[in-house]
Structures are given as structure tokens and as C-alpha cells.
Amino acid sequence: MPDKELHIDTQVIHAAYAADPDTGSTTIPIHLSTAFAYKSAEDIAAVFAGKDAGFIYSRINNPTTNLFEQRMTALDDGLGAVACASGMAAITSTVLALAGQGDQIISGQSIFGGTHSLFNRTFSRIGIETSFVESTNAESYRDAITDRTKLIFVETLGNPKLDVPDIVAISAVAREHQIPLIVDNTATTPALLKPKTLGADVVIYSTSKYLNGHGNAIGGLILDCGTFDWSSPRTTYLHELHARVRHFAFLASLRTHICRDIGTCPSPFNVFLTAIGIDSLAVRMERHCDNSLKIARALSEDARVDEVRYPGLESHSDHAVAKRQFNERYGALITLNVGTRERAFAVINGVEHIQRLANLGDAKSLIIHPASTFCREASEDERTAMGVNEGLIRLAVGIEHADDILDDLDRGLKKLN
Ligand SMILES: *Cc1c(COP(=O)(O)O)cnc(C)c1O
């Protein structure tokens with residue numbers, strides 16, 4: 001049976017590799033080698049010329065990283081993937097492969113703070129402009145399209161707003177205008193959502209989060225779904241490569257130009273840690289999500305909390321879209337509003353086991369105050385667009401027992417009395 005017909009629970013354990021052909025090792029080997037030797041000058045020349053497959057130098061490719069890329073490609077039923085040192089490196093490389101000075105990109109406004117800053121400040125300095133639009137309104141993407149539009153970027157689950165864009169509707173707009181749709185699937189992972197099935201052309205991951213799962217290695221990945229025609233008038237930077245390698249143009253641009261030139265390669269050791277994490281992705285996501293629903297329901301009946309946002313609650317404005325897109329589970333981010341910064345800090349300081357830190361997708365439950373941390377640099381208007389105010393607390397629910405997490409939150413909420 002081909003990989004794509006297996007359930008995700010099985011794919012994460014068996015897809016794309018079984019055992020090392022030389023040693024029988026079933027865990028992927030760590031190749032901490034900077035470069036790779038060949039028997040003759042002719043052999044190495046053939047690899048450089050692209051006539052023979054082979055590893056050259058670990059900034060370009062590496063056998064450990066390659067196995068990880070193959071497994072990820074199988075999970076999302078893609079054409080291929082390029083791993084990066086971080087999620088930000090993956091997003092930067094994707095945009096630079098598709099856009100240059102004088103171009104415009106369109107992005108949902110409710111996105112990860114680092115990505116917002118990259119688009120808003122860093123890219124604008126080199127002449128790539130971003131139009132931020134209301135994330136969940138497909139028509140707002142259409143309205144922002146110009147002759148210079150090179151890509152549309154969207155996240156599967158806005159953070160910390162926790163809004164859920166209708167990817168099918170946005171993909172229809174992108175397709176109509178021959179614009180590639182880039183979907184950041186970090187918060188949902190292939191366990192909840194396979195972006196290709198909803199019309200994504202390129203998938204981005206920060207593997208630092210749920211894919212790694214244990215908060216021990218930063219990493220990123222770019223995956224080409226194989227759905228986009230890279231000879232589109234929108235993707236001019238890829239036309240030369242398209243003439244040579246056809247549908248591999250985007251991946252070839254990343255591998256042989258962008259990621260190679262910038263040096264976005266991950267450490268094979270970090271890749272190894274992430275590859276191990278993926279084995280348990282499906283069961284972890286189940287627990288993350290089941291815990292979250294239980295906690296969100298309990299908190300929404302708690303009088304000490306003004307508002308609870310979680311896409312799994314029927315009261316959530318995007319519940320229907322989330323239900324359709326997320327495989328009947330709703331992710332592991334919850335926000336609660338307790339009114340003021342003072343009260344939010346009291347709750348955050350009052351918990352014992354839940355860790356106060358800026359991450360998500362860890363086995364451990366995590367808690368943070370967005371307005372004073374990762375949304376600190378945003379203007380008042382931007383914060384409002386992101387759904388952030390002074391009383392907001394974000395929880396990244398871990399895989400501990402739900403009742404213990406609830407008891408800990410109760411310990412924090414008692415500080416409000
Ligand atoms: C964390 C995150 C990123 C950035 O990834 P890093 O690995 O931290 O560079 C990008 N997108 C989303 C949705 C994220 O949560």
C-alpha cells in the first residue's frame with residue numbers, strides 16, 4: 001500500500017524509510033560530516049554537474065537531513081521538501097525564491113509575530129512589500145491582488161487570535177490569479193490538516209513546535225505540494241529553472257540558489273532530534289487536542305475568566321471552518337481574558353507546573369502574556385488586529401493529564417480572589 005493510503009499514525013512511523021541499508025539501524029543515522037568524499041575527479045564532477053545524485057557539502061544537502069525531508073514529503077504527499085535551520089529561515093527562503101525588489105506579497109494579518117516582523121520590516125527594506133489582509137475573509141485577499149503580487153501567505157490557525165482561515169476559499173482566489181498559496185501548517189501539523197488537500201501549493205513548518213514535540217531543537221521545512229505550475233507569469237524568477245527541470249523548479253531554486261546562497265541549512269543533529277519526535281506526532285496531537293477541548297470547556301464555565309477562545313468551542317466564530325479543516329480536532333492553543341495586565345500576571349505567576357515561556361508545541365504546558373512579550377513590538381492597531389489586549393493570556397496545552405493542568409490553572413486563578 002503506498003504511504004498516502006496509510007493513516008497518519010502509521011505514516012509518522014513508517015513513511016519513506018525503514019532501516020539503514022548498510023547497518024540495519026532503524027533510527028536515522030546522524031551524519032555529522034561537513035562534506036562528502038568521492039573516489040575520482042570524474043565522480044565529483046558528475047555530482048556537481050547534476051548528472052549523478054550525491055552529497056556534496058552539508059550547507060546544500062546531508063544524508064540525515066535528506067531522510068527527514070523524505071519522511072515529511074510523504075506525510076504531506078508532496079513533491080519534495082527542503083529542511084531549514086528554523087521556521088523563519090523557511091519563510092524567508094520561500095519568499096526570496098518567489099519575490100524580489102518591487103514585488104508585493106499578500107498575507108493574512110493574524111500571523112506569528114516573527115513572520116509579521118519579517119514581512120513588515122525586513123522585507124520592506126529590500127523592496128518586497130506586504131499587504132496584510134483580514135485573515136479569514138477570502139475576498140480581502142482578492143482585493144489586495146495587483147500585477148506585482150507574487151504569493152499569498154496564510155497560517156492554518158492564527159496565533160494568538162486563534163482565527164481559522166478558510167483555506168479552500170483562499171486557494172480558489174489564488175488559483176484564479178495563478179498565484180502560489182503558501183500555508184504555514186505549524187500549529188496544526190499533518191496530524192490535523194494536510195494542506196495539499198485544501199489547495200495549498202507550498203507548506204511551511206516551524207518544526208521547533210509540535211513536529212519536534214519536546215522543545216529541544218529549532219528547525220523549519222519548506223514542502224512543495226507539486227500542485228503549482230511554476231511557469232506561471234507570477235513566478236518569473238523560476239522560469240529559467242522551469243525550462244530545465246520543469247515541476248522541480250521551486251525546489252531546485254531553494255536547493256541550488258536560495259538556501260545554498262543564504263546558508264539556511266539545519267544541523268543534522270537537530271534534524272535527528274526532530275525526526276525522532278515525529279514518530280509520536282499523531283498520538284501527541286490527539287492528547288494535546290483532547291486536553292485542550294476539556295480545559296477550554298471547563299474554563300468557559302469559570303466565572304473568574306471573562307472570555308475563552310478555542311476553535312473547538314461551538315461559541316468560536318470559526319468553529320465550523322475548524323471542524324471541516326482540522327479533522328475534528330482543534331489544536332492546542334487557548335486564550336483566556338482576565339481583564340487587565342495585573343490580573344493576567346497574577347494568574348501566570350500563580351501556576352506551579354505550567355511553564356512561563358515563549359513557545360508552543362512542547363510536551364509541557366506553557367503560559368504567556370502576549371502583550372508584554374511576543375506582541376510587544378506591535379502597534380496598538382496591529383495588536384487589535386491580532387486580537388491581543390492587556391488581559392489576554394495564551395496557553396499552549398501540553399500532554400500532561402488534563403485534570404492536573406486544570407488544577408494548576410485553578411491555582412493561578414485563585415490569585416484573582
Ligand atoms: C514558531 C513559528 C514560526 C517560526 O519558527 P522558528 O522555528 O521559531 O523560527 C513560524 N510560524 C509559526 C506559525 C510559528 O509558530
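We count ligands from 1, going down the list as the structure has it; atoms in each ligand are counted the same way.
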Is the closest side-chain donor-acceptor distance between [X] and [Y] under 3.5 Å?
{"X": "E129", "Y": "S131", "result": "no"}
{"X": "T186", "Y": "D184", "result": "yes"}
{"X": "S140", "Y": "D143", "result": "no"}

Worksheet item: Got a second to check how far T189's OG1 is from N327's CG, nearest 0.5 Å?
Response: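 Going from OG1 on T189 over to CG on N327, the span is 10.0 Å.
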Discussion item. Any carboxylate oxygen within less than 4.0 angstrom of a Lys/Arg side-chain nitrogen, looking at E390 and R383?
Written reply: yes
Worksheet item: What is the ring orientation for W230 with F250, classed by angle as parallel under 30°, tilted 30 to 60°, or perpendicular over 60°?
Response: parallel
Between the protein and ligand 1, which nitrogen or oxygen pairs come in under 3.5 Å, and how far apart is each?
from     : atom 1 : to   : atom 2 : distance (Å)
ligand 1 : 5 (O)  : S206 : OG     : 3.0
ligand 1 : 7 (O)  : G87  : N      : 2.9
ligand 1 : 7 (O)  : S206 : OG     : 2.8
ligand 1 : 7 (O)  : S208 : OG     : 2.6
ligand 1 : 9 (O)  : G87  : N      : 3.1
ligand 1 : 9 (O)  : M88  : N      : 3.0
ligand 1 : 11 (N) : D184 : OD2    : 2.7
ligand 1 : 15 (O) : K209 : NZ     : 2.7

